[in-house]
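One structure is given here, and the rest of the page talks about it.
Excluded from the calculations below are hydrogen atoms, water molecules and symmetry mates; all remaining heavy atoms, backbone and side chain alike, are included. Both ligands and their constituent atoms are indexed starting at 1 by order of listing.
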Amino acid sequence: MSGRRHLLSVGDLGADGLREILRLADSFAEVNTRAIPKVPALRGRTVASLFFEDSTRTRLSFETAAKRLSADTVTFSAGSSSLSKGESLRDTAQTVTAMGVDCVVVRHRSAGAAVALSRWLDAAVINAGDGCHEHPTQALLDCYTIQQRLGGIEGRRVAIVGDIAHSRVARSLVAALQLLDASVTLVAPATLLPPAVEAWGVGLSSNLDDVVPRADVVYLLRLQRERQERALLPSEREFHERFGLSAERARRLADHAIVMHPGPLNRGVEIGAEVPEMTCATISEQVANGVSVRMAALFWLLGVPAGIASPPGAEVSPAPEPASAAEVGGD
Ligand code: ASP
Ligand code: CP
């Protein structure tokens with residue numbers, strides 16, 4: 001692997017990397033409130049989205065983030081690509097980067113795909129979700145949202161509920177929350193817990209009603225049927241009754257507590273149909289924060305020379321106010 005920086009997993013980032021990106025995200029959140037939410041920080045750089053699996057939020061927010069940093073973007077659509085002619089992941093990715101790409105944002109159904117690309121390509125690689133393994137920028141935007149709503153993460157009690165076994169979101173989020181000293185409880189039926197979960201160092205429960213009144217954050221996960229190889233539940237209705245956050249359960253949350261979900265939602269299954277519109281729910285905020293956090297991640301990879309991380313607490317000024325719309329230019 002080259003000495004180039006990548007964003008492949010939360011563990012690679014460590015607590016310092018997480019904190020640094022969260023701090024950068026604050027600068028970019030300010031940019032996103034401007035009348036022209038665009039800065040020249042990555043002018044001349046090119047970011048490619050390589051999504052071999054479907055996405056709405058991650059793909060669009062990376063593309064929005066890159067454009068707001070004045071980077072050029074190229075998009076690869078698996079469905080209309082030469083994959084259908086038998087081209088491999090490696091050849092596809094090398095073809096795209098041969099066009100002069102600085103950063104590849106990749107989503108793939110296989111765990112390890114992003115790590116493999118980081119070895120093969122002469123470009124920074126961001127893992128936008130690899131199988132059941134990791135989704136580090138989702139964890140970053142979730143931590144940013146918790147910090148924004150609750151004022152901090154340390155010591156907060158976070159319950160992650162639902163299909164943990166197939167969730168890359170859960171793996172990245174647990175790692176991030178542990179690095180930032182939150183306390184995590186997983187709430188799920190035994191069939192939706194991953195093997196060797198005891199080694200994760202988290203609390204376990206199968207009783208959502210016990211956990212809800214004591215939680216600062218209830219984080220709900222979709223049943224990821226596309227990754228389930230056999231029937232793991234009697235029915236969605238039964239799952240909802242035991243593990244779904246209905247409006248009635250949400251009303252038993254502490255006043256300050258929040259309800260999070262990475263999306264896409266399956267209303268009436270893991271989340272009551274009306275819960276996303278309740279004031280405790282942060283789902284739209286998570287999506288909005290995703291843009292600032294992904295601007296921070298792109299800037300961390302491409303705007304700062306590798307190995308020269310800004311010291312904690314240092315004033316970071318990646319986002320100067322452009323003198324005029326003309327200065328930032330068009331796409
Ligand atoms: N969108 C998230 C992911 O790609 C969560 C989900 O699909 O349920 O992992
Ligand atoms: N949360 C998330 O990753 O959403 P998408 O699958 O729509 O990108």
Side-chain angles (χ1 to χ4, degrees), residues 7-10 25 47-66 73 75-79 104-114 126-146 158 160-176 186-188 192-194 217-228 232-233 236 239-240 243-245 258-271 275-276 281-295 297-298:
L7 206 175
L8 303 173
S9 71
V10 167
V47 176
S49 321
L50 258 63
F51 279 60
F52 297 86
E53 231 191 36
D54 294 344
S55 168
T56 297
R57 282 147 283 269
T58 311
R59 181 178 189 144
L60 289 179
S61 80
F62 265 114
E63 289 175 4
T64 305
T73 54
T75 297
F76 160 88
S77 295
V104 167
V105 181
V106 62
R107 171 171 287 188
H108 199 278
R109 68 176 182 284
S110 302
I126 299 182
N127 182 3
D130 61 331
C132 298
H133 180 225
E134 283 241 20
H135 193 349
T137 59
Q138 179 71 46
L140 279 159
L141 75 88
D142 292 333
C143 288
Y144 188 83
T145 305
I146 296 173
V158 182
I160 305 180
V161 188
D163 185 0
I164 316 286
H166 303 94
S167 176
R168 52 197 177 205
V169 171
R171 281 173 183 75
S172 289
L173 184 58
V174 168
L186 305 180
V187 187
L192 293 180
L193 285 172
V217 178
V218 175
Y219 195 105
L220 303 169
L221 295 170
R222 182 177 65 87
L223 293 172
Q224 289 141 83
R225 300 273 188 210
E226 70 276 23
R227 281 192 270 279
Q228 296 177 7
L232 296 169
L233 291 170
E236 285 188 351
F239 176 81
H240 180 69
F243 296 99
L245 192 82
I258 56 175
V259 176
M260 304 183 73
H261 194 303
L265 309 174
N266 284 169
R267 290 183 193 241
V269 185
E270 74 279 5
I271 188 162
V275 175
T282 63
I283 295 152
S284 305
E285 289 155 55
Q286 287 168 264
V287 174
N289 289 337
V291 176
S292 308
V293 165
R294 288 174 173 129
M295 288 169 83
L298 289 168

Are there any protein N or O atoms under 3.5 Å from the N or O atoms of ligand 2? List them with distances, or say none.
{"unit_1": "ligand 2", "atom_1": "1 (N)", "unit_2": "Q138", "atom_2": "OE1", "d": "3.0"}
{"unit_1": "ligand 2", "atom_1": "1 (N)", "unit_2": "P262", "atom_2": "O", "d": "2.8"}
{"unit_1": "ligand 2", "atom_1": "1 (N)", "unit_2": "G263", "atom_2": "O", "d": "3.2"}
{"unit_1": "ligand 2", "atom_1": "3 (O)", "unit_2": "T58", "atom_2": "OG1", "d": "2.8"}
{"unit_1": "ligand 2", "atom_1": "3 (O)", "unit_2": "R107", "atom_2": "NH2", "d": "3.0"}
{"unit_1": "ligand 2", "atom_1": "3 (O)", "unit_2": "H135", "atom_2": "NE2", "d": "2.9"}
{"unit_1": "ligand 2", "atom_1": "4 (O)", "unit_2": "R57", "atom_2": "NE", "d": "2.9"}
{"unit_1": "ligand 2", "atom_1": "6 (O)", "unit_2": "R107", "atom_2": "NH1", "d": "2.8"}
{"unit_1": "ligand 2", "atom_1": "7 (O)", "unit_2": "T56", "atom_2": "N", "d": "2.8"}
{"unit_1": "ligand 2", "atom_1": "7 (O)", "unit_2": "R57", "atom_2": "N", "d": "3.0"}
{"unit_1": "ligand 2", "atom_1": "7 (O)", "unit_2": "R57", "atom_2": "NE", "d": "3.1"}
{"unit_1": "ligand 2", "atom_1": "7 (O)", "unit_2": "R57", "atom_2": "NH2", "d": "3.0"}
{"unit_1": "ligand 2", "atom_1": "8 (O)", "unit_2": "S55", "atom_2": "OG", "d": "2.6"}
{"unit_1": "ligand 2", "atom_1": "8 (O)", "unit_2": "T58", "atom_2": "N", "d": "2.9"}
{"unit_1": "ligand 2", "atom_1": "8 (O)", "unit_2": "T58", "atom_2": "OG1", "d": "2.6"}
{"unit_1": "ligand 2", "atom_1": "8 (O)", "unit_2": "R107", "atom_2": "NH1", "d": "3.4"}
{"unit_1": "ligand 2", "atom_1": "8 (O)", "unit_2": "R107", "atom_2": "NH2", "d": "3.4"}

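- If you take CG on L192 and CG on D163, they are separated by 4.5 Å, rounding to the nearest 0.5 Å.
- At least one heavy atom of G263 lies less than 4.0 angstrom from ligand 1.
- Side chain to side chain, S172 and E134 meet the donor-acceptor criterion of an N or O pair below 3.5 Å.
- Protein heavy atom in closest approach to atom 7 (O) of ligand 1: R222 NH2, 2.9 Å.
- Between P136 and L8 there is no side-chain heavy-atom pair separated by less than 4.5 Å.
- Side-chain contact, T58 with Q138: no donor N or O sits under 3.5 Å from an acceptor N or O.
- The ring pair (Phe, Tyr, Trp, His ring centres under 6.0 Å) check on H261 picks up nothing, with sequence neighbours excluded.
- Among all protein heavy atoms, the one lying closest to atom 9 (O) of ligand 1 is R168 NE, 2.8 Å.
- Ion pairing between a basic and an acidic side chain is recognised when a charged N comes within 4.0 Å of a carboxylate O; E53 and R168 show such pairing.
- Residues meeting the side-chain hydrogen bond (donor to acceptor under 3.5 Å, both in side chains) test with R171, sequence neighbours left out: none.
- Under 4.0 Å from ligand 1, not a single heavy atom of E53 appears.
- Which parts of ligand 1 touch R107 is read off a 4.0 Å heavy-atom cut-off, strictly below it: atoms 4 (O).
- Residues passing the ring pair (Phe, Tyr, Trp, His ring centres under 6.0 Å) test with F239, sequence neighbours excluded: F243.
- Checking R59 against S49 by side-chain atom types alone, no donor-acceptor pair falls below 3.5 Å.
- Salt-bridge formation is detected for the pair R225/E236: a Lys NZ or Arg NE/NH1/NH2 atom is positioned less than 4.0 Å from an Asp or Glu carboxylate oxygen.
- Residue V169 approaches ligand 1 through these ligand atoms, each under 4.0 Å from one of its heavy atoms: 2 (C), 5 (C), 9 (O).
- Considering backbone and side-chain N/O atoms, E226 never comes within less than 3.5 Å of an N/O atom of ligand 1.
- For ligand 1, the atoms sitting less than 4.0 Å from at least one non-hydrogen atom of P264 are 1 (N), 6 (C), 7 (O), numbered in the order shown with element in parentheses.
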